[in-house]
Structures are given as structure tokens and as C-alpha cells.
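Values below: every heavy atom of this structure, side chains too, minus hydrogens, waters and symmetry copies.
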Amino acid sequence: MTEQASRRLLVLDPRRREWDPAADPSVVRWAFSPLGDPRWANLRPEESWVYPCEAKPRRHRGRTLVLTTASFGFVAAVEYPSGRRHWGAALGPGDDLFNPHSAEVLPDGNVAVACSTGALVRLYAASSGPDATRYAEARLKGAHGLHWDRTRRVLWAVGDDELVAYRVRGTPARPALDQAFAAPLPVAVPGRTAGGHDLFPVAGRPGRLWVTTNASVFQYEKRTGTFHRNYAGHELVDRAKVKAVGNDPRTGQVLSTVPESGLEETWWTTRVSVHRPTGAYRLAGGGIYKARWWLPA
């Protein structure tokens, strides 16, 4: 999960429903923060690592990487569990001018970044080295989520108004992005922006993607181009302002995060909801934004 109150990524013990790391540090299986770590010092994490907003485990060439972004510019592919750097960058001057919101690693080791305020998707030539700065760029209003589709070999991205698939051209050292397909997102009120937010594969159903908007949680069927709301558990999962969603293929249980009132920031929660069966995890003093099942893919 991205735990913004303590500016950390946390992997937490799923056998415990109440997490209080201050009282019981054993609930934390792994934690990451670049603050004070000399391996990340050149990315100015004191300025750029503010509001971490993505934590996504991925397998790449026999290693586990955690893809992460923070709203004030930090973007990285972090080796797990060492915390070493596969690649990293700091976008902008240490504010939300770009607002990196999601990242993804491609089979060649390059890293894609979705920047919501910057309205763009970038593909960095991260395969060239941990400090590589060359990138390809495509414009996408409100870019929020990314997913690499191994079967179709496209990079999916969700923005304010549409779900887009990009084809990757060029070479790993000099990549290029071309839009191959775009589907308008369903809107709750005609004339209003859908507000696409999270984008994640439906585990166990490679033909579908989770897509969240300001108003709803959909499963998008790639073959037909249909946004479904009648999937298993939809009566509990499908609701407004969902920041992250995903399912565990072993149990069928769906996880999601939704902001709760009364916290320091309006987008924070202390609760990770689970469905089928219904329950919750709670983090004492937390400022959670997104949570994921630990399912490196």
C-alpha cells in the first residue's frame, strides 16, 4: 500500500485485520522510503517523495520490482526486498506540476509513467541504466493508470475521459509511443468528465481490466470493448471514488480503497475494504491512498 501519512510503501501481514506498526512492528513485512537513503539522494526525495500514490509489484527477468510514484515528482522501479534501484527519476521542481500517478515496467526494462496534472504518458528508456533520462511521450488528459498487456503487447492507459492502448515502437534505447486504440469512458452524468482513475488487470481473467472512474468501478472486456458492471460482487465493489481495486485469483476476494472523512487529507483512508466475503483491514493513524494484493506478475 501507499501510506502517505508516514511517506512509506508498506507490505503488511494479511493475517491481521488491525495493523498498528508503532505498537507491533511485526505487522510490517516490508517497508520502503527513499528518505535518508543515499541510493536515492539525487532524486531529492525530501521534495519529490510527497504523497506516494502507486505501489505495484511486478516480476522482471527473475527479479521482483515495486513500481512506485509520488505526486511531487518521484518515480521509481525498486528492487524487492533490497530497496536497490532499477531505475528512478524526479519529474518537475518538487511540486505537483506533473503529478506522476502510476508506473509500469515493460518486458525490455523500460518504465512508463502516467502524469495526471501533466496530462501525459511517458515511456523512459530505463533499460539504459538507473538514471536514464531519454523518453517518448504521448498526451493524455488526466493520465492516471497504466498496465502493460503481455498478450496484446500494448500499454493501456486511463485518463479523464478515455481508456487508451499505445503500441511501443523504436528500440529500448530510443522508444516511441503510438496510440492504437481509444474507448470513451462511461459517464454518470451526460456532459461531465468520467474521471478515470485506477487501471489494473482482473486476476484470473486476462481478457478483462479493472477500471475505476469518479462514479463507478467497471470491468472492461478487451475483446468486445464493453465496460461491465455486472461482474461477481459488483453490488459491493461498484461505488464512487474508488482509488484502487483488485482481486485475488486464489480466493476471489476483491480489495478496494475509498477515501474516508475526518482525516488530514480528503483522499486518505485508514481502511482497506475487502469483499466476497465482506470485511476490512485497518491501519492505526494511517493515510492510505492505494492498496494492492501482493501478486507480482
Side-chain angles (χ1 to χ4, degrees), residues 1-2 14 17 53-56 101-102 114 116 141-147 149 156-165 182-263 266-283 286 288-295 297:
M1 65 169 59
T2 55
R17 289 300 174 119
C53 53
E54 178 69 286
K56 180 189 298 181
H101 223 77
S102 184
S116 60
K141 179 186 173 186
H144 259 76
L146 293 172
H147 170 63
D149 190 325
W156 293 94
V158 67
D160 278 349
D161 303 301
E162 56 188 349
L163 176 66
V164 179
L185 297 176
V187 294
V189 179
R192 299 286 295 274
T193 294
H197 200 280
D198 199 28
L199 175 64
F200 212 69
V202 178
R205 299 196 68 175
R208 290 197 175 197
L209 298 169
W210 290 105
V211 178
T212 75
T213 67
N214 288 339
S216 301
V217 178
F218 299 94
Q219 285 188 2
Y220 176 75
E221 187 175 2
K222 303 172 194 175
R223 182 179 60 83
T224 63
T226 305
F227 289 90
H228 293 280
R229 296 179 69 182
N230 61 347
Y231 48 84
H234 68 92
E235 64 280 359
L236 299 170
V237 178
D238 184 11
R239 59 209 197 283
K241 299 181 180 178
V242 171
K243 301 300 184 184
V245 65
N247 64 299
D248 183 343
R250 297 164 297 186
T251 65
Q253 198 164 43
V254 179
L255 171 155
S256 64
T257 55
V258 175
E260 65 182 272
S261 60
L263 301 182
T266 59
W267 56 86
W268 284 5
T269 183
T270 61
R271 174 188 173 103
V272 178
S273 299
V274 289
H275 319 278
R276 307 181 68 218
T278 297
Y281 297 94
R282 289 182 176 84
L283 179 64
I288 302 166
Y289 186 63
K290 287 182 182 177
R292 310 283 191 199
W293 295 116
W294 181 260
L295 296 169

| message | Please check: side-chain N/O of Ser216 versus main-chain N/O of Phe218, any donor-acceptor pairing under 3.5 Å? | response | no
| query | Do we see a donor-acceptor contact under 3.5 Å between the side chains of Thr226 and Glu221? | reply | no
| query | Do Val242 and Asp198 come close enough that some side-chain heavy atom pair is under 4.5 Å? | reply | no
| said: Can you give me the closest heavy-atom contact between Asp160 and Leu185, atom names plus distance? | reply: O-CD1, 3.9 Å
| When rounded to the nearest 0.5 angstrom, what distance separates CG in Asp161 from OG1 in Thr193? | 4.5 Å
| field | Heavy atoms from other residues, nucleotides or ligands near CZ of Arg17 exceed 12 (cutoff 6.0 Å) | value | yes
| message | For a side-chain contact (heavy atoms from CB on, under 4.5 Å) check, start with the C-alpha distance between Glu162 and Lys141, then their side-chain angles and the critical distance, and finish with the verdict. | response | CA-CA 9 Å; Glu162 56 188 349; Lys141 179 186 173 186; over 6 Å; no
| said: Any non-hydrogen side-chain atom of Asp248 less than 4.5 Å from a side-chain atom of Leu255? | reply: no
| message | Using modelled atom types and a 3.5 Å cut-off, is there a donor and acceptor pairing between side-chain atoms of His234 and backbone atoms of Arg229? | response | yes
| said: When you compare the side chain of Thr266 with that of Lys241, does any pair of heavy atoms fall below 4.5 Å? | reply: no
| query | Which of these passes ring pair (Phe, Tyr, Trp, His ring centres under 6.0 Å) with Trp210: Tyr231, Phe227, Tyr220? | reply | Tyr231
| field | Whether Tyr281 side chain and Pro14 backbone form a donor-acceptor pair below 3.5 Å | value | yes
| task | May I ask you to check whether Phe200 and Trp293 place their ring centres under 6.0 Å from each other? | result | no
| said: I need the single residue from Lys290, Arg239, Lys243 that forms a side chain to side chain donor-acceptor pair (under 3.5 Å) with Ser256. Which is it? | reply: Arg239
| query | So do the side chains of Asn247 and Arg276 get within less than 4.5 Å of each other, counting heavy atoms only? | reply | no
| said: Keeping Gln253 on the side-chain end and Val274 on the backbone end, is there a donor-acceptor pair under 3.5 Å? | reply: no
| Working for side-chain contact (heavy atoms from CB on, under 4.5 Å), residues Asn214 and Arg192 | CA-CA 10 Å; Asn214 288 339; Arg192 299 286 295 274; over 6 Å; no
